[in-house]
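As the structure is a prediction and not an experimental result, all values here were calculated from the model. Numbers for residues simply follow the sequence, beginning at 1.
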Amino acid sequence: MGGIGLQNGCQFLAKNRGSERHLAVFCPDSMAPWTVKGEGKVVANQWCVKFRFPDGNSQDQCEEFFKVGDNAYEIRFNGVPINRVYRLVP
């Protein structure tokens, strides 16, 4: 799955192999693109991920995707929008 963040212009490409997930990101305000490996799985109606990012931060949470427009999706954590809207690229 690939997409573009509508607020920040970041481009991403996510790929899964079994429960392993690779996420590559390029943001216009970053010095260089980066890639992380982690885990990804579907639990009920949520997408759950576990990553450690290049800046040392980690993410271990389950999110829900909601369609908010023509090929635009908002991500919510515990039912609250986390201010990320993506346009998916086919």
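L23 is listed as a side-chain neighbour of F12, based on a closest heavy-atom distance under 4.5 Å. You'll find the side chain of E39 stays beyond 4.5 Å of the side chain of K41, heavy atoms only.
Take Q11 and apply the side-chain hydrogen bond (donor to acceptor under 3.5 Å, both in side chains) test, not counting sequence neighbours, and it matches no residue. The ring-ring contact (aromatic ring centres under 6.0 Å, His included) test applied to W34 returns F53, not counting sequence neighbours. Applying the side-chain hydrogen bond (donor to acceptor under 3.5 Å, both in side chains) rule to D70 yields no partners; only residues at least two apart in sequence or on another chain are considered.
Contact between P28 and G9 at its shortest, heavy atoms only, is CD-O, 3.6 Å. Residues G79 and E64 share a closest heavy-atom pair of N-OE1, 4.4 Å.
One hydrophobic cluster, built from ILVMFWY side chains closer than 4.5 Å, cannot hold both L13 and V49; they sit in different ones. In this structure, F51 is a member of the same hydrophobic cluster as F77, with clusters built from ILVMFWY side-chain heavy atoms closer than 4.5 Å.
Note that the CZ atom of R21 and the NZ atom of K37 stand 14.5 Å from one another [nearest 0.5 Å]. Atom SG of C10 is separated from atom CD1 of I4 by 10.5 Å, given to the nearest 0.5 angstrom. In this structure, OG1 on T35 lies 9.5 Å from NE2 on H22, to the nearest 0.5 angstrom. Of the inter-residue distances, the one linking F65 atom CZ with W47 atom CH2 reads 8.0 Å to the nearest 0.5 angstrom.
Taking 4.0 Å as the cut-off between side-chain N and carboxylate O, R76 and E74 count as a salt-bridged pair.
No donor-acceptor pair under 3.5 Å is formed between the side chain of N78 and the backbone N or O of V80.
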